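What follows is a short report on a single structure.
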There are 2 protein chains.
Amino acid sequence: MPAASETTTKDRILDVAQQLVQARGFSGFSYADIAAKVGIRKASIHHHFATKGVLGAELMARYRTDFGRALQSIEKSGGGSRSKLRKYGRLFVDVLRDGHRMCLCGMLAADFDALPKSVRTEVSGFFDDNETWLTRVLETGRAEGDLSFTGPVEVQAQVILAALEGAMLVARSYRNVKLFEAVAQRVLAGVGA
Amino acid sequence: MPAASETTTKDRILDVAQQLVQARGFSGFSYADIAAKVGIRKASIHHHFATKGVLGAELMARYRTDFGRALQSIEKSGGGSRSKLRKYGRLFVDVLRDGHRMCLCGMLAADFDALPKSVRTEVSGFFDDNETWLTRVLETGRAEGDLSFTGPVEVQAQVILAALEGAMLVARSYRNVKLFEAVAQRVLAGVGA
DNA sequence: GTCTATAAGATGATAGAC
DNA sequence: GTCTATCATCTTATAGAC
């Protein structure tokens with residue numbers, strides 16, 4: 001098990017592939033693109049990821065793991081439910097700020113019909129993870145009086161997730177991070193955060 | 001000028017191309033795909049649309065026109081601001097219901113970095129159209145006491161647009177129209193509709 | 001306006017040497 | 001683990017006959 005700071009070729013491939021997917025979609029990049037940016041040959045990428053489907057699935061799996069860790073970190077950071085939701089929102093802005101990229105999962109959700117089945121599973125799984133986490137935070141927040149909203153918690157969670165993904169989509173086409181921030185702030189204000 | 005019911009080859013190409021983009025993204029389909037579905041040869045498509053960029057731009061231009069007409073129709077249909085917003089939401093559900101397609105513009109917004117400039121312009125233009133229309137409805141609705149919400153009207157308009165686009169994205173990956181409907185209803189309820 | 005034929009390059013993927 | 005070489009296929013696009 002390599003140290004966290006160590007960067008293997010496999011990781012560098014995933015890093016480059018992820019940026020390409022987030023910018024151009026699953027059908028919008030090729031092994032040649034990755035090879036050029038990493039500084040290796042196409043065949044070497046196939047050594048690490050036999051097919052594009054495998055690459056996509058491992059990409060999403062890593063993203064889910066990383067995102068899960070980020071959510072855990074928010075959990076442990078203390079602070080109330082409002083603070084947690086605001087930190088959750090920051091997870092999305094950070095991606096948008098760094099090169100106007102789309103959320104990896106949001107991008108692959110758009111490409112859903114063009115994805116291998118193994119990648120599709122990871123995409124729905126990511127959304128599940130987010131809805132589960134948001135539902136828990138919203139539930140706790142309401143119980144403790146920190147948050148207030150009407151209707152089922154699950155729907156509120158879906159509203160927040162959908163609004164953030166959609167705001168990334170729209171803001172990206174304007175290259176306007178402020179638009180995202182305004183939408184995120186307004187949506188979170190809607191539950192009292 | 002052909003009658004509305006008449007279907008030219010050019011229109012049939014656009015129809016098929018639109019469905020393909022909405023399902024697989026701009027990089028996820030080819031002239032060969034269109035040719036097979038329309039029942040003509042690739043060269044014939046190039047006769048009508050010299051390049052894929054031209055096809056994309058004309059596709060979005062038609063979509064904007066059609067959508068604009070739909071918004072005008074809502075305008076003329078009478079009813080209050082609440083009713084108008086609900087009809088606006090129905091525009092999106094209908095697309096999702098018909099083959100779990102993504103909004104053409106939302107899909108192209110995801111593909112933004114892979115688009116020719118002429119298509120990009122149309123994408124931002126579509127979002128402009130929507131925000132302008134929503135802003136007007138929200139403003140009128142608030143003035144007449146039909147709707148109520150806090151903060152700038154433009155931000156509310158962006159929230160609604162973002163939430164609907166994002167809800168399509170998420171719902172599509174679950175093949176779950178009800179998820180979209182729940183989110184749409186909740187978001188519109190947030191402004192009193 | 002549609003066709004056949006063809007081009008030039010990209011694409012995902014494999015075989016086998018080092 | 002990375003490379004060269006190669007493959008079959010697909011991609012966008014053009015030329016020119018009908």
Side-chain angles (χ1 to χ4, degrees), chain A residues 1-3 6-21 23-60 62 107-108 111-120 122, chain B residues 1-3 6-21 23-60 62 107-108 111 113-120:
Chain A
M1 189 171 160
E6 188 176 339
T7 307
T8 65
T9 301
K10 197 168 178 175
D11 282 328
R12 284 197 297 146
I13 294 170
L14 285 175
D15 291 343
V16 167
Q18 184 175 328
Q19 287 194 331
L20 285 167
V21 176
R24 308 179 51 89
F26 191 73
S27 307
F29 79 100
S30 72
Y31 272 40
D33 296 327
I34 304 173
K37 291 215 180 197
V38 174
I40 54 175
R41 301 296 173 154
K42 283 193 294 172
S44 307
I45 302 174
H46 279 286
H47 171 75
H48 295 285
F49 306 97
T51 69
K52 206 180 178 184
V54 169
L55 173 60
E58 291 202 33
L59 206 50
M60 268 305 302
R62 188 183 71 158
M107 179 62 89
L108 291 178
D111 293 331
F112 202 77
D113 288 24
L115 298 180
K117 211 167 281 177
S118 56
V119 186
R120 292 186 188 183
E122 294 290 338
Chain B
M1 190 172 160
E6 189 175 340
T7 307
T8 65
T9 302
K10 196 168 179 175
D11 282 328
R12 285 197 297 145
I13 294 171
L14 285 175
D15 291 342
V16 167
Q18 184 175 326
Q19 289 193 332
L20 285 167
V21 175
R24 310 178 51 89
F26 191 72
S27 308
F29 78 101
S30 71
Y31 272 40
D33 296 326
I34 304 173
K37 291 214 179 198
V38 175
I40 54 175
R41 299 299 173 151
K42 286 189 292 173
S44 306
I45 303 174
H46 279 285
H47 172 75
H48 296 285
F49 307 96
T51 68
K52 206 180 177 183
V54 169
L55 173 61
E58 291 203 32
L59 206 50
M60 267 305 302
R62 188 183 71 158
M107 180 61 90
L108 292 178
D111 293 333
D113 289 23
L115 298 179
K117 209 167 281 178
S118 56
V119 186
R120 291 186 189 184

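Predicted model, so just to flag it, every value in this text is computed and none were measured. We name chains A, B, ... by the order of the sequence lines, and we start the count at 1 in each one.
Taking the side-chain contact (heavy atoms from CB on, under 4.5 Å) definition, one finds that A/Lys42 meets it with A/Tyr31, A/Ala32, A/Ala35, sequence neighbours left out. With sequence neighbours excluded, the residues that form a side-chain contact (heavy atoms from CB on, under 4.5 Å) with B/Ala114 are A/Arg24, B/Ser27. For A/Arg12, the side-chain contact (heavy atoms from CB on, under 4.5 Å) test picks out A/Thr7, A/Thr9, A/Val38, with sequence neighbours left out. For B/Arg62, the side-chain hydrogen bond (donor to acceptor under 3.5 Å, both in side chains) partners at least two apart in sequence or on another chain are B/Asp15, B/Gln18.
Sorted by first then second residue, the salt bridge (charged side-chain N to carboxylate O under 4.0 Å, His left out) pairs that include residues 49-59 of chain B, not counting sequence neighbours, are B/Lys10-B/Glu58.
For B/His48 and D/dT12, the NE2 to C1' distance is 17 Å, given to the nearest whole Å. One atom, CZ of B/Arg12, and another, P of C/dG1, lie 13 Å apart when rounded to the nearest Å. Separating the CZ atom of A/Phe26 from the C1' atom of C/dT11 is a distance of 13 Å, rounded to the nearest angstrom. Atoms NZ (A/Lys52) and P (C/dT14) sit 15 Å apart, rounded to a whole Å. Rounded to a whole Å, the CG atom of B/Leu20 is 11 Å from the P atom of D/dT11. Taking atom CD1 of B/Ile13 as the reference point, atom P of C/dG1 lies 11 Å away to the nearest angstrom. In this structure, A/Ile34 atom CD1 and C/dT11 atom P are separated by 11 Å, rounded to whole Å.
Here CZ of B/Phe26 is found 8.5 Å from CG of B/Leu59. Values are rounded to the nearest 0.5 Å.
Phosphate proximity of D/dT12 to B/Thr51: absent, as no side-chain N or O sits under 4.0 Å from OP1 or OP2. Contact between the side-chain N/O atoms of A/His47 and the OP1/OP2 oxygens of D/dT2 is not found at any separation under 4.0 Å. Here A/Thr9 does not reach the OP1 or OP2 of D/dG1: none of its side-chain N or O atoms lies under 4.0 Å away.
Side-chain proximity of A/His46 to D/dT11, C/dT14, D/dT14: nearest is C/dT14. For B/Tyr31, whose side chain is taken as the heavy atoms from C-beta onward, the closest listed nucleotide among C/dG1, D/dG1, D/dA13 is D/dA13.
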Nucleotides 3-10 of chain D: protein proximity per nucleotide (B base, S sugar-phosphate only, - neither; heavy atom, under 4.0 Å):
BB------

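As judged by a 4.0 angstrom heavy-atom cut-off over every strand, B/Phe49 is placed among residues making no nucleic acid contact.
Under the 4.5 Å side-chain criterion, counting only non-hydrogen atoms from C-beta, A/Ile13 is not in contact with A/Thr8.
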